[in-house]
Each structure stands twice: as C-alpha cells, then as structure tokens.
2 protein chains.
Amino acid sequence: MLTQTAIRAVPSRRSTVSTHGAPPASGPTDREAGALEQTMRLMGAMMSYSRNSEIFGENEPAEYLYKVVTGSVRTYKILSDGRRQIGGFYLPGDIFGLEFAAEHTFSAEAITDAKVLVVKRGALNAQANGSALLARELFTLTGHELRRVQDRMLLLVKSAQERVASFLLEMADRGSASNAVELPMSRQDIADYLGLTIETVSRTLTCLEGTAAIEVPTSRRIVLRNRSALSRLNS
Amino acid sequence: MLTQTAIRAVPSRRSTVSTHGAPPASGPTDREAGALEQTMRLMGAMMSYSRNSEIFGENEPAEYLYKVVTGSVRTYKILSDGRRQIGGFYLPGDIFGLEFAAEHTFSAEAITDAKVLVVKRGALNAQANGSALLARELFTLTGHELRRVQDRMLLLVKSAQERVASFLLEMADRGSASNAVELPMSRQDIADYLGLTIETVSRTLTCLEGTAAIEVPTSRRIVLRNRSALSRLNS
DNA sequence: CGACCATTTGATATGGATCAAGCGATGTGG
DNA sequence: CCACATCGCTTGATCCATATCAAATGGTCG
C-alpha cells in the first residue's frame, strides 16, 4: 500500500517580488470587487512564481493570505508513506492559504507560472476589526472553503469514474465558459487530487472518451460532449 | 460498486421540547464558558431526541445552531446510489449544524437518546453583530470544523487499518480520559464514517486485537493497549 | 425459550494498484 | 535538420485490498 506517488524533486527557479502601493490593472479578477478584493489590492504585494516553485511550505507560519491573479496553484501534503495528497487547485480569482492554526496545514506550489497577490494576515485582521463587511467576507470565504472540502470528502468514497467525472465537471464550472476545459495540471496532479493513480485516471479518461462523454484532443485539453452522462456518473 | 449501505428505515419516536429562559445546570459542558456558550445557554432551547430520531434533514432551511449536551449525534448524507456517508460524530460539548448556505448540507440524527441545546441562527448573528468576541468564536469554530473535515479527507485515501486506527485514536482523544473508548455508534455508523464496509471494520478490529494493539471486551467498548502501534499505522 | 438484530467469520469477486512496456511530444546537441 | 534522450501519457498484464455474498454466532428483549 506504500508509494502511490514518489516525492518528485522540484527544481525551483526563484520567485520575483514586485510590490506596488497603487493598484495595478488587476486582470480578470474584478468580478465583484468586495471589501476583501479592495483591501488586497491596496495592501497586497504582487508576487511572481515560476512553474513548480514553492509558495509556502507545510508547517511554515501562516502569515499571509494569497489570491491567484494569473496562472494556477496547488496545495498539497506529503503523507508519511510518501504519497502526495492535493488539497485543492486554485485558479485566477481564487483565494488560498486560509488557515486557522498558526502554521500552514498544506504546502502550496505554482502549477504554471503564476502571479499571486499576497497580503499579510495581520494587516487583514486589523482591517477586519474596523470593517464588518470585510470580516463577513472572510467568514463567508471560510464557509465556501468548508463546503468545498466537504464535497471533496464525498468524492473520495466514490468510484474512479465518478471521481474523474466530478473533477471534469468541477473544472468546467470554474474555469471555462464553454465545454472545453484547459487543464493546467498534469495527470499526476489529478491523480493525487482524486486519490487515484495516474494510470487509473488515464484509463478512465480513455473510457469516457469511448462512451463519447468527452473528447480529449490533447492531453491537457478536454471537451465535455455529454454533461448529463457525466453528472449521472457523479453522485 | 453500488450499495455499500442500504438505507435503513428509521423508526422515530417524537422529540421533546423543554424551553427554559433561565440557564439550567448545564452538565459537563462548561469547560470555558465562552461568549457562544453563554449566548446559547441564555437564548437556546433544550431539546430531547430519542435514539435514531431526526434532528434536521438535508435541504431543510438551516435556521438553528446545535450543541450536544448529553448523548451523541451523527450527521450524514445519502448518496444517489443509496450509500450513506457520515459527515461527523458529535459528542457532549460539540457544536453541529454550522452551515453557510441557507440549507443544511447534511442530515442529523441522534445516535443515542440525546439532549441538544438549540439556538436560532438569526438570534446568534444579531448577538454577534454586537459582540466581536462571539463573532470571533464563531469564526474559530468554523476554522476547527474546516480542519476536522480536512483531516477526514486525508483519512479517506488511506488503508482500512489506518482509517480504523485513526478513528479509534480520535474517539479516545475526544471522549474518554483513559484508554477505554465507549462507542455510542454501531459498526455500520463507523463503516459509513470511514468509507468502508461493516465487514471490513469488524475484520480490522479483530486484526488489531490479534496484534494486541487493542482489546474489545464488548463490541461497543474498546481499550487501546498500544497507542503507538496505532499511531504508526496512522499516517 | 425464541425472534430479532448487531456483529463476526468465511468464501469469492472485483476495482483499482502495481509492474512493465510502448508511444508521442518536446527539447538538445551534433 | 536530424538522431537521441527525456518526459508525460497511455496501454497491457497481473496482483491485492476491500467489497460482496453467505452463514454462523452472540447479545437483547419480549
């Protein structure tokens, strides 16, 4: 039962800081521009991380809150037996690094080159003391995160087909407007997210393709052809 | 892969209300008596539920927050294929029913006859607007819940032995001071909690007994003989 | 005692892991 | 521009942990 996933060494070019007091044109993230959004833009620093570089490590003090601006991020944990469990994928607009203990429970890495808005937790809390709006937003955010993890929990007791189908539907809902999903992450990432092996993920995709539920023009691009078939698999 | 657990019909005697404006001697729950504790005692109603009766149902509006006073409670969800996934077990002092959507994600039932302190969410929120202390406590509570679910998530990708061992350690840490664990829940409950079958849970316990890691004097009573062996199994 | 229910134990089946090889893209050096 | 190494992905063969099916055991309550 050991080693589903060997620890993969991570060559890590260094990340770049580019602080800025003035808010930049902050890209595709402006949906609602809530209190949190504003605070982060005002008080945050923009950081650039290159593919596979570490953003923070498990057990490091959790001093910051992070928001993906461009690119994508994974959080993960290495289990004692060497397997890696991915906690979540974060796409532009998503917030990660939300912690309640003093230290991070997960590590975080850039999946692709990524720009991330970083704000000091302390500063944020200080603001939140003044702004009930901001406080409420942080609360809501936590609630969403809780819900997300609960859903993951339910996923992990289902069959491989169900897990993969759910994953595709989730990614489609989050990222793309259309039925085409552009996956930033590798098969290994998906496997570690779903608690499967890379072989099983691959086989399952092939199988779904056989059913005409999906198309896989390139390994990183997947087109949903039959959403209802996928949802049916899914709980 | 269908039917790990058939839906078990739940004969349900009715539950009893006994409101009281004045706080009663509220049993073994007084650890810290935080703002939340006080508010619940002041504004809450004490409800009695008999074994297996429903406290709230999935998709019902989430109007209340609940705190176990005596007895024990499970939250669960019936999956589309008929299996039941248990979200959590709640023992005296534990709070459940924490929701962020308007409706409950899980159902809740009394495992044993139980007394539960119930408070209106609206009333609580109103209080929280005045009391930063209370607000913070609710926030922390959510954080703990998040952590708990994350841990469960990690559990669900491990082997049967690891899951059962973790479960026993968790129950020992929460409930009893000593190494003897009194389980309020059935094997089926445990199985649905861990994402295993009742047979696997039973066999695993027998196996752990064989290793002298535990003793099982009666099916509902388990004595931890070798905690470190259990932790070693555990991630 | 007898019916019922929860639990354990046994025999067999199976989904997904593991081991192993093949295959296409991408990149590198000659 | 092409051989060649590398990497990520797919495909195939086999194994194993856990599910499933079935029966025995034991505890509880009328």
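In the text below, chain A, chain B and the rest are named by the order of the sequence lines, each starting its count at 1.
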Does the side chain of N52(B) come under 3.5 Å of the side chain of S50(B) through a donor N or O and an acceptor N or O? no
| query | Judged by modelled atom types alone, do T105(A) and E99(A) share a side-chain donor-acceptor pair under 3.5 Å? | reply |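 Present: a donor and an acceptor within the cut-off.
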If I take atom [atom1] in residue [X] and atom [atom2] in nucleotide [N], what distance separates them, rounded to the nearest angstrom?
| X | N | atom1 | atom2 | result |
| --- | --- | --- | --- | --- |
| N52(A) | dC7(D) | CG | C1' | 13 Å |
| R51(B) | dT28(D) | CZ | P | 12 Å |
| L196(A) | dC9(D) | CG | P | 15 Å |
| L194(B) | dT18(D) | CG | C1' | 14 Å |
| L205(A) | dC9(D) | CG | P | 10 Å |

query = Can the ring centres of F56(A) and Y64(A) be said to be less than 6.0 Å apart?
reply = no
### Task
Please find out if less than 6.0 Å separates the ring center of Y76(A) from that of F106(A).
no
| task | Quick one: label S219(A) by what it contacts on the DNA or RNA (base, sugar-phosphate, nothing), any heavy atom closer than 4.0 Å. | result |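 Here S219(A) touches the backbone only, sparing every base.
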So what does T218(B) hit on the nucleic acid, given a heavy-atom distance under 4.0 Å: a base, only sugar-phosphate, or nothing?
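Nothing: the residue T218(B), judged by heavy atoms under 4.0 Å, touches no strand.
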**Asked** Relative to the 5' end of DNA chain C, which residue comes earlier, V201(B) or R203(A), by the nucleotide with the nearest heavy atom?
**Response**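 Nearer the 5' end of the strand: V201(B).
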Nucleotide nearest T197(A) when distance is taken to its side chain, options dT18(D), dG16(C), dT18(C)
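Of the candidates, dT18(C) comes closest.
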Per atom distances to the T206(A) side chain, the nearest of dT7(C), dT11(D), dT18(C) is dT11(D)
Between R74(A) and I86(A), the two heavy atoms sitting closest are CD-CD1, 3.9 Å
Note: for R220(A) and Q161(B) on DNA chain D, the residue whose nearest nucleotide lies more 5' is R220(A)
Please check the phosphate of [N] (OP1 and OP2 only) for any side-chain N or O of [X] closer than 4.0 Å.
| X | N | answer |
| --- | --- | --- |
| S202(B) | dT8(C) | yes |
| R187(B) | dT8(C) | yes |
| T200(B) | dA19(D) | yes |

When you measure only distances, ignoring hydrogens and angles, does the side chain of E199(B) come within 3.5 Å of the base of dC21(D) through a donor and an acceptor? yes
